[in-house]
Amino acid sequence: MISRVDGCEMITHTLVTEFGPVGATIWLELTYRVAMVEEGCFGVLVGRDITERKQAEEKANFLTHHDALTRLPNHLLLQDRLNQAIAFADRGTMKFALMVIDLDRFKTINDSLGHSVGDRLLVAVAKRLLECTRDTDTVCRQGGDEFLILLPNLADSDASITFLGGLMGNLLKPFHVDEKELSTSVSVGIAIYPDDGADFESLQKKADMAMYRAKDAGRNTYRFFNEEMNDDAVERLAMNVGLRRGLELGQFELYYQPQLEIASGALIGAEALIRWNHPELGLVLPGRFISVAEESGLIVPMGDWVLREACREAVRWQQPGTLGPVVAVNLSALQFKRGDIEQSVTQALEQSGLDPGRLELELTESILIGDTENVLATVKRLKLMGVKLSIDDFGTGYSSLSYLKRFEVDKLKIDQSFIRDLATDSEDAAIVRAVIQMARSLGLRTIAEGVESKQVLDHLRIYHCDEAQGYFYSRPMPAEAFMTYLDSHLAAGTSK
Ligand code: C2E
Ligand code: MG
Ligand code: MG
């Protein structure tokens with residue numbers, strides 16, 4: 001720029017330049033002024049350190065496109081890369097994959113070990129994901145415990161399977177966070193371009209659906225999207241409407257599965273398990289509708305009905321001179337969060353006239369590690385009423401036994417996954433034995449779920465497990481059939 005100032009020609013030139021060969025880079029804004037006077041000209045060079053401003057700009061720019069915690073690309077940057085991948089794929093005959101990766105049971109880790117451990121685990125997972133990918137792939141943190149990976153340039157969809165094998169194996173190796181060894185696994189959903197969708201939004205939606213399928217299939221697995229999943233989403237929506245109507249029309253029924261004391265063979269309880277007599281689908285098992293009922297909140301009124309119905313039925317089990325078997329009712333975490341569980345239990349007991357000691361509530365570890373203080377207070381009040389408490393599916397969560405002791409639980413239900421192969425799998429046997437020993441030392445009773453054979457029962461007897469439930473004794477059965485089963489135990493003198 002040249003201007004005239006008091007008869008002199010002034011040339012002002014501002015340049016921003018980057019310095020920094022030694023150590024840190026600093027940014028200088030240099031203003032160089034040349035003044036022309038009759039004797040000649042002179043120049044002034046003024047430098048201003050603008051490093052801080054530049055760094056702030058760079059940081060803002062970085063954060064627009066990256067996740068602050070893991071420093072991975074964010075959703076926006078991924079979207080951009082995906083659009084490039086579309087343009088590239090369209091020029092040839094290549095495909096690409098978009099994967100949604102969700103950590104299994106991350107919430108449990110976060111809730112039980114604290115958010116800072118959770119955060120560090122996420123950073124470690126991000127690092128592992130990067131180790132598994134090529135420079136051309138994009139790993140993005142979508143938020144929470146969900147990551148997305150874009151794998152461009154695939155000859156076909158099978159090409160991503162080799163990648164998945166490596167990725168999942170790598171993530172199964174333990175993580176060391178805060179001197180704790182944490183293990184996790186992932187559920188992965190995959191959508192392929194152009195087969196499953198033509199843009200970011202539809203590919204992500206399909207990969208999401210596939211990921212939920214992987215979760216439903218028991219986690220630590222992957223699923224490719226297919227049209228059946230779309231149908232499934234439509235079915236879930238229809239099921240939601242159907243469930244509400246089903247509840248109004250009385251289409252639900254409770255089945256009862258006996259629980260026996262191992263040492264004496266006495267029938268001491270029964271678990272109430274819900275079934276849906278669907279007008280077209282026939283008998284629908286809870287695995288198909290409980291999660292839908294939880295999603296919609298319908299589990300709260302449904303759970304209230306289960307409590308009332310189970311208590312009413314258990315009163316019928318009390319024959320003169322006998323206490324009758326205890327009825328065990330499953331509770332969902334949502335009944336604790338949204339419903340008034342104390343009131344529901346009180347009402348069910350009052351309406352039926354059942355002795356509170358004959359009702360057992362099955363809680364899951366996820367209920368207990370949610371909002372601890374509130375849950376603890378509620379659980380304590382339930383205990384004061386005289387009801388019994390057990391922990392369902394024990395061993396699948398992260399809670400320690402001493403932690404459970406705070407909740408004054410009476411019984412642990414050891415998850416079926418440890419029981420199934422107990423007689424042949426030495427690792428499962430070791431776990432079950434240790435759980436029983438620890439529970440005994442804390443004064444807790446134990447019940448094994450999913451006992452299907454005499455061999456398994458014999459092992460449990462040696463380990464001093466108190467009770468068993470499973471197909472070996474009986475499958476869950478309708479109320480009337482259970483009455484007959486109870487009568488035969490009463491006649492044989494093997495009922496309490
Ligand atoms: P759960 O509470 O762990 O119940 C045990 C499940 O294992 C039942 O499945 C039972 O039929 C099955 N089972 C019992 N013995 C054996 C065996 O020897 N082998 C095998 N393979 N399976 C066995 P079901 O009835 O399909 O219930 C599934 C889950 O649905 C239950 O798991 C429970 O979490 C949930 N559920 C059932 N009824 C209710 C309810 O009224 N409310 C809530 N919130 N959840 C419920
Ligand atoms: Mg249960
Ligand atoms: Mg269970």
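Counting starts at 1 for both ligands and their atoms, in listed order.
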* To do: Output yes if D393 passes the N/O/S-under-2.8 Å test against the Mg ion (ligand 3); output no otherwise.
  => yes
* Can you tell if the side chain of L98 reaches within under 4.5 Å of the side chain of Y193, non-hydrogen atoms only? -> no
* Structure fact -> Under 4.0 Å between heavy atoms, the region of S332 that gets near ligand 1 turns out to be both
* Residue and atom name of the nearest protein heavy atom (relative to atom 15 (N) of ligand 1), distance in Å to one decimal -> Q257 NE2, 2.9 Å
* Asked: Could a heavy atom of R275 be found less than 4.0 Å from some atom of ligand 1?
  -> yes
* Structure fact -> Note: V456 and V451 closest approach over all heavy atoms is CG1-CG1, 4.2 Å
* **Close side-chain approach of N110 and D145, heavy atoms under 4.5 Å** => no
* Determine whether M302 and L243 make a side-chain contact, defined as any pair of heavy atoms from C-beta on separated by less than 4.5 Å. => yes
* Output the atom name for the N/O/S atom of D392 with the smallest distance to the Mg ion (ligand 2). => OD2
* **Contact check, side chains of L254 and W305, non-hydrogen atoms, under 4.5 Å** => yes
* Asked: Any idea which protein heavy atom is nearest atom 22 (N) of ligand 1, and the distance to it?
  -> Y471 OH, 3.3 Å
* Specify whether the nearest protein heavy atom to atom 32 (O) of ligand 1 is under 4.0 angstrom away. => no
* Which bit of E271 gets closer than 4.0 Å to ligand 1, counting heavy atoms only: side chain, backbone, both or neither? -> side chain
* Identify whether the distance between the nearest side-chain nitrogen and carboxylate oxygen of E342 and R381 falls below 4.0 Å. => yes
* Asked: Which pair of non-hydrogen atoms, one from R275 and one from P286, has the smallest distance, and what is that distance?
  -> NH1-CD, 3.2 Å
* Can you tell if the side chain of L113 reaches within under 4.5 Å of the side chain of L182, non-hydrogen atoms only? -> yes
* Protein residue, atom and distance nearest to atom 19 (N) of ligand 1, heavy-atom basis -> E452 OE2, 2.5 Å
* Asked: In the protein, what heavy atom is nearest to atom 1 (P) of ligand 1, and what distance, to one decimal place, separates them?
  -> D392 OD2, 3.7 Å
* Record the part of I290 in heavy-atom contact with ligand 1 below 4.0 Å; permitted values are side chain, backbone, both and neither. => side chain
* Structure fact -> Within the 4.0 Å heavy-atom cut-off, what V329 brings close to ligand 1 is neither
* Measure the acute angle between the ring planes of H489 and Y485, then classify it against the limits of 30° and 60° as parallel, tilted or perpendicular. => tilted
* Asked: Which option, I419, I299, L307, N330, owns the non-hydrogen atom nearest atom 34 (O) of ligand 1?
  -> N330
* Against heavy atoms of G470, which atoms of ligand 1 measure under 4.0 Å? -> 15 (N), 18 (O)
* Hey, which N, O or S atom on E271 ends up closest to the Mg ion (ligand 2)? -> OE2
* R475, E449, Q469, E271 screened by side chain to side chain donor-acceptor pair (under 3.5 Å) with Q257, the one that passes -> Q469
* **For atom 38 (N) of ligand 1, closest protein heavy-atom neighbour** => I274 N, 3.1 Å
* Decide, yes or no, whether a salt bridge links R213 with D216 under the criterion of side-chain N to carboxylate O below 4.0 Å. => no
* Structure fact -> Which atom of E449 is nearest the Mg ion (ligand 3), counting N, O or S only? It is OE2
* Is the shortest distance from a Lys or Arg side-chain nitrogen in K454 or D458 to a carboxylate oxygen in the other one below 4.0 Å? -> yes
* **Side chain, backbone, both or neither: the part of E449 lying under 4.0 Å from ligand 1 by heavy atom** => side chain
* Between E480 and T484, is any pair of side-chain heavy atoms under 4.5 Å apart? -> no
* Structure fact -> atom 26 (O) of ligand 1: of P476, A333, P286, S474, the nearest heavy atom sits on P286
* Asked: CG/D104 to CZ/R219 distance, rounded to the nearest 0.5 angstrom?
  -> 5.5 Å
* Asked: Which bit of Q416 gets closer than 4.0 Å to ligand 1, counting heavy atoms only: side chain, backbone, both or neither?
  -> side chain
* Taking 2.8 Å as the cut-off, does an N/O/S atom of E362 lie below it from the Mg ion (ligand 3)? -> no
* **Close approach, G450 and ligand 1, non-hydrogen under 4.0 angstrom** => yes
* Under a 4.0 Å heavy-atom limit, does M302 contact ligand 1 with its side chain, its backbone, both, or neither? -> neither
* Examine the proximity of ligand 1 to V306 and report which part, side chain or backbone, both or neither, has a heavy atom under 4.0 Å away. => side chain
* Go through ligand 1 atom by atom and flag the ones less than 4.0 Å from a non-hydrogen atom of D393. => 3 (O)
* For ligand 1, indicate whether the residue L254 contacts it via side chain, backbone, both or neither (heavy-atom separation under 4.0 Å). => neither
* To do: Check whether any side-chain heavy atom of I101 sits under 4.5 Å from a side-chain heavy atom of Q142, and report yes or no.
  => no
* Heavy-atom distance under 4.5 Å between the side chains of M168 and V186, does that happen here? -> yes
* Asked: Any protein heavy atom sitting closer than 4.0 Å to atom 9 (O) of ligand 1?
  -> no
